[in-house]
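Okay, structure first, notes after.
All figures in this text were calculated on a predicted structure; none of them were measured in a lab. For this chain, numbers begin at 1 and follow the sequence in order.
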Amino acid sequence: DQSDLTVIDPVNGAGSALTQEDLNLLQPGDMMYFFSEGAPGKAPTHVGMYLGGTQMIHAPNSRKNIETISMEGYYMGGGALYYGSRRVQG
């Protein structure tokens, strides 16, 4: 799972589809939190690190390797809702 990728807690968020406006506010290295569309208002169920553009790195689940993906599709209008992000301070 992706628990080894991050050691910080997410900010509270209402949950919405990830938009280009959201991406414009992010910087590479920011942690992005998501939850399943069927569970709004609950704690995030997934986390990834923003790489820039529409790319993020994440661990899909405990059976798969960490991978770099495009967020278009599932994370931008698909089955996951954007919960919020957190900037990691050095």
>> Taking side chain to side chain contact (heavy atoms under 4.5 Å, CB included) as the definition, give me every residue that meets it alongside Leu51, ordered by chain and number, with sequence neighbours left out.
In response: Gln55, Ile57, Thr68
> With sequence neighbours left out, what residues match Asn65 under side-chain hydrogen bond (donor to acceptor under 3.5 Å, both in side chains)?
Replying inline: none
> Once the angle between the rings of His58 and His46 is folded into 0 to 90°, is it parallel (under 30°), tilted (30 to 60°) or perpendicular (over 60°)?
Replying inline: perpendicular
>> Distance check, rounded to the nearest 0.5 Å: Asp30 atom CG versus Arg87 atom CZ?
In response: 4.0 Å
> What heavy-atom pair brings Phe34 and Met56 nearest, and what distance separates the two atoms?
Replying inline: CE1-SD, 4.0 Å
>> Please give me the minimum heavy-atom distance between Phe35 and Thr45, naming the atom from each residue.
In response: CA-OG1, 3.2 Å
> Is the count of non-hydrogen atoms from other residues, nucleotides or ligands lying under 6.0 Å from Glu67 atom CD greater than 12?
Replying inline: yes
